[in-house]
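A quick note: this is a predicted structure, and the numbers were derived from the prediction, not measured.
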Amino acid sequence: MPLDDHNLNAAITGADSPEWSVRATAGRQLAAAALTDDVLAVVLRLLLDPDDTAVTQDTAEALLARGDGVGLRCVLLALSRATSPCTMDELGAALDCTPLWMTDEGTNRLTEHLRELATDPDAGVRTEAAGILGTLRPHTS
């Protein structure tokens with residue numbers, strides 16, 4: 001369900017909270033929002049949270065639960081920019097454990113999204129998408 005302006009502003013404010021649980025909630029809420037440039041900047045900051053990987057995990061899982069290329073792109077963008085091994089591990093785990101992709105149909109959908117993202121304007125997204133594509137086994141429906 002899309003966030004109204006009040007709830008969107010509250011989630012953006014929550015993203016700056018000193019409490020990890022508030023930031024994690026904000027990440028889950030913002031992941032469901034339309035990812036405008038302003039929202040995307042906040043979501044990326046939450047994905048790369050330097051203080052608690054639970055924020056990274058919750059935000060990444062919510063983005064990937066969207067099941068679309070937009071959410072996947074956000075996670076790949078964060079993965080390409082991550083410098084902390086813990087953050088990289090959390091982002092990788094979220095990508096590896098997304099239930100939507102555990103079926104042949106889901107894997108095919110993931111492959112389609114990754115093929116699109118392998119031509120993304122951002123070099124980091126392209127590299128991450130191509131790397132994952134190289135590890136997928138072909139599935140047939």
Side-chain angles (χ1 to χ4, degrees), residues 1-17 19-141:
M1 175 167 84
L3 296 176
D4 61 28
D5 287 345
H6 172 75
N7 289 326
L8 178 63
N9 289 332
I12 290 171
T13 300
D16 290 325
S17 172
E19 300 294 325
W20 73 265
S21 60
V22 175
R23 294 192 313 278
T25 298
R28 289 189 303 273
Q29 292 170 334
L30 292 171
L35 295 175
T36 62
D37 288 343
D38 291 341
V39 172
L40 178 59
V42 175
V43 167
L44 187 58
R45 194 174 77 237
L46 292 167
L47 286 167
L48 298 172
D49 190 286
D51 299 317
D52 200 303
T53 57
V55 177
T56 300
Q57 177 184 4
D58 282 9
T59 306
E61 288 175 356
L63 284 164
L64 296 172
R66 293 169 57 122
D68 62 10
V70 173
L72 177 59
R73 183 185 187 279
C74 290
V75 175
L76 294 179
L77 181 61
L79 187 58
S80 75
R81 294 184 180 176
T83 57
S84 162
C86 294
T87 300
M88 289 183 248
D89 287 348
E90 286 297 332
L91 294 169
L95 286 163
D96 290 343
C97 299
T98 300
L100 292 174
W101 301 331
M102 299 295 177
T103 64
D104 287 347
E105 180 183 329
T107 301
N108 290 338
R109 227 179 9 257
L110 171 62
T111 301
E112 288 173 27
H113 292 315
L114 289 169
R115 285 185 180 140
E116 283 180 29
L117 293 170
T119 63
D120 192 85
D122 186 274
V125 172
R126 286 193 310 268
T127 299
E128 296 297 337
I132 295 170
L133 274 171
T135 66
L136 294 178
R137 292 186 212 171
H139 284 269
T140 56
S141 299

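Residues A65 and L100 come closest through the heavy atom pair O-CD1, 3.5 Å. Across every non-hydrogen atom of A15 and V42, the tightest pair is CB-CG1, 3.4 Å. L40 approaches C74 most closely through the heavy-atom pair CD1-SG, 3.3 Å. In terms of heavy atoms, A118 sits closest to L133 at CB-CD1, 4.2 Å.
Under the 3.5 Å distance criterion, the side-chain polar atoms of H113 are matched with a main-chain donor or acceptor of G67. A distance-only check finds a donor-acceptor pair linking the side chain of T98 to the backbone of A94 [under 3.5 Å]. Side chain of S80 to main chain of L77: a donor-acceptor pair is present (N/O by atom type, distance under 3.5 Å, no hydrogens or angles).
Using a 4.5 Å heavy-atom threshold, the side chains of L72 and E116 count as separate. With contacts defined as side-chain heavy-atom distances shorter than 4.5 Å, the pair E128/L117 does not qualify. Side-chain contact between L63 and L35: present, with at least one pair of heavy atoms (C-beta onward) separated by less than 4.5 Å. In this structure, I132 and L76 have side chains that are in contact, with non-hydrogen atoms separated by less than 4.5 Å.
Taking CG from L46 and CD from Q29, the interatomic distance works out to 10.5 Å, rounded to the nearest 0.5 Å. Between atom CZ of residue R73 and atom CG of residue D68 there is a gap of 12.0 Å, rounded to the nearest 0.5 Å. To the nearest 0.5 Å, atoms CD (E105) and CG (N108) are separated by 8.0 Å. Note that CE of M102 is 10.0 Å distant from CG of L110, once rounded to the nearest 0.5 Å.
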### Message
Show, in sequence, the C-alpha distance, side-chain angles and deciding distance for L95 and L79, and conclude whether the side-chain contact (heavy atoms from CB on, under 4.5 Å) test is met.
### Response
CA-CA 10 Å; L95 286 163; L79 187 58; 3.8 Å; yes

Per-pair distances, 0.1 Å, donor-acceptor, side chain in residues 47-60, under 3.5 Å, sequence neighbours excluded:
unit_1, atom_1, unit_2, atom_2, d
D49, OD1, R23, NH2, 3.3
D49, OD1, D51, N, 2.8
D49, OD1, D52, N, 2.9
D49, OD2, R23, NE, 2.6
D49, OD2, R23, NH2, 3.4
D52, OD1, A54, N, 2.8
T56, OG1, L47, O, 2.9
Q57, NE2, E61, OE2, 3.2
D58, OD2, R28, NH1, 2.4
T59, OG1, V55, O, 2.8

